[in-house]
Amino acid sequence: MKLLHIDASILGENSVSREVSRAIVGGLKAADPALEVTYRDLAAEPLPHLTPAHLPAAHPLSALAPAGEGRAQSEAVLAEFLAADIVVIGAPMYNFAVPSQLKAWIDRLLVPGKTFRYGETGPIGLSGDKRVILAISRGGLYAGASPFAAAEHAEAWLRTAFGFIGIVPEVVIAEGVNGGEAARATALEGALETALKLAA
């Protein structure tokens, strides 16, 4: 079994999403010591914003430009994702959406014929055999009946993107982490407890 671990937070050791994603991976690894883990830190090694020259060769739009230096990198990103049985993603919400580093990574995954195809009735996901776990952190409160619920475009977008390729992700959320030390500690404790249950 192969696990791909992705982090996107720019906050290093101060990151809640990194701590939660690390706990999820640790729990899964403890349950299956033979699990092969590949790690990619999108903040430390960001991918360039997408252009036709960067697209994986399998993408039809890659024909619009000669292969740039980033195409091999994009091919590697897609290959890592396709090879993984489990994908764990640390995804903070910045300015109501996912970090641009994470968006750039996902842009390389939605490739016709690889992760989805078009059928007579519309797109069909081809990646439904993967387990994707999202470790999402949010500074404010956006869940349920929150007056700010409509401004949440991180979890919603991630669910849409992965749903498009046939995956229903599992989600662990720590929110309200910018509400003071007590609120951060409570949110983190709840997320870590959920993470351990997921791993089990």
Side-chain angles (χ1 to χ4, degrees), residues 3-29 37-50 73 77 80-81 84 86-110 130-165 167-199:
L3 184 150
L4 176 60
H5 181 189
I6 302 292
D7 272 325
S9 171
I10 62 174
L11 299 181
E13 291 304 309
N14 294 312
S15 166
V16 170
S17 64
R18 284 178 182 268
E19 186 167 350
V20 177
S21 75
R22 186 164 55 240
I24 293 170
V25 172
L28 293 170
K29 183 70 173 174
V37 178
T38 298
Y39 181 66
R40 184 177 284 269
D41 186 337
L42 299 174
E45 297 184 58
L47 298 164
H49 290 297
L50 202 61
Q73 190 179 30
V77 165
E80 282 176 352
F81 179 77
I86 305 169
V87 183
V88 177
I89 303 170
M93 185 171 81
Y94 295 157
N95 302 318
F96 312 108
V98 299
S100 60
Q101 295 93 330
L102 182 55
K103 173 67 163 59
W105 179 75
I106 291 178
D107 281 340
R108 284 146 170 94
L109 306 184
L110 274 62
K130 297 184 187 302
R131 182 184 186 191
V132 172
I133 305 172
L134 306 174
I136 296 175
S137 62
R138 301 194 285 240
L141 301 174
Y142 295 84
S146 166
F148 301 105
E152 199 292 317
H153 303 293
E155 178 189 354
W157 182 78
L158 288 166
R159 285 185 182 276
T160 298
F162 283 108
F164 185 78
I165 59 175
I167 298 170
V168 178
E170 300 165 67
V171 181
V172 180
I173 298 176
E175 71 167 7
V177 300
N178 290 343
E181 290 186 14
R184 179 188 175 94
T186 298
L188 182 55
E189 180 182 358
L192 292 174
E193 183 179 340
T194 302
L196 290 176
K197 290 178 180 177
L198 273 180

Heavy-atom check, side chain of [X] versus side chain of [Y], under 4.5 Å:
| X | Y | value |
| --- | --- | --- |
| Ile165 | Leu110 | yes |
| Arg138 | Ile173 | yes |
| Gln73 | Pro48 | yes |
| Lys29 | Leu3 | no |
| Leu158 | Ile106 | yes |
| Ile89 | Phe162 | yes |
| Arg18 | Leu11 | no |
| Asp7 | Arg22 | no |

Tell me, please, whether Phe81 has Lys130 positioned over its six-membered ring: NZ or CZ under 6.0 Å from the ring centre and within 45 degrees of its axis?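 The answer is yes, since Lys130 meets both limits relative to Phe81.
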
Specify the closest pair of heavy atoms between [X] and [Y], including all atoms of both residues, with the distance to one decimal.
| X | Y | result |
| --- | --- | --- |
| Ile24 | Ala135 | CD1-CB, 4.1 Å |
| Gln101 | Pro46 | CG-CB, 4.1 Å |
| Ala84 | Leu4 | CB-CB, 3.8 Å |
| Leu102 | Ala91 | CD2-CB, 3.7 Å |
| Asp41 | Ala44 | OD1-N, 3.1 Å |
| Gly90 | Pro92 | O-CD, 3.6 Å |

Between [atom1] of [X] and [atom2] of [Y], what distance do you get to the nearest 0.5 Å?
| X | Y | atom1 | atom2 | result |
| --- | --- | --- | --- | --- |
| Arg108 | Leu50 | CZ | CG | 5.0 Å |
| Ser146 | Glu175 | OG | CD | 7.0 Å |
| Ile6 | Ile133 | CD1 | CD1 | 13.5 Å |
| Met93 | Trp157 | CE | CH2 | 14.5 Å |

Okay, side chain of Glu170, backbone of Val172: is any donor-acceptor separation there less than 3.5 Å?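 Flag not set: sc Glu170 to bb Val172 has no pair under 3.5 Å.
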
Please check this pair: side chain of Glu181 against backbone of Ala185, looking for a donor-acceptor N/O pair closer than 3.5 Å.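 Here the side-chain-to-backbone pair does not exist.
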
Could you tell me whether the side chains of Ser9 and Tyr94 share a donor-acceptor contact shorter than 3.5 Å?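 Checked: Ser9/Tyr94 side chains pair up, N/O donor to acceptor below 3.5 Å.
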
Run the numbers on Leu109 and Val77 for side-chain contact (heavy atoms from CB on, under 4.5 Å), then give the verdict. CA-CA 8 Å; Leu109 306 184; Val77 165; 4.0 Å; yes

Apply ring pair (Phe, Tyr, Trp, His ring centres under 6.0 Å) to Tyr39 and list each qualifying residue two or more places apart in sequence or on a separate chain.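 If we apply the ring pair (Phe, Tyr, Trp, His ring centres under 6.0 Å) test to Tyr39, skipping adjacent residues, the hits are His5.
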
Who passes side-chain hydrogen bond (donor to acceptor under 3.5 Å, both in side chains) against Asn178, sequence neighbours left out?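 None.
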
So for atom CZ, which belongs to Phe96, do other residues, nucleotides or ligands contribute more than 12 heavy atoms lying within a distance under 6.0 Å?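 Counting other residues, nucleotides and ligands, CZ of Phe96 stays at 12 neighbours or fewer.
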
Which is it for Tyr142 and Glu155 under the side-chain contact (heavy atoms from CB on, under 4.5 Å) test, yes or no, and what are the steps along the way? CA-CA 10 Å; Tyr142 295 84; Glu155 178 189 354; over 6 Å; no

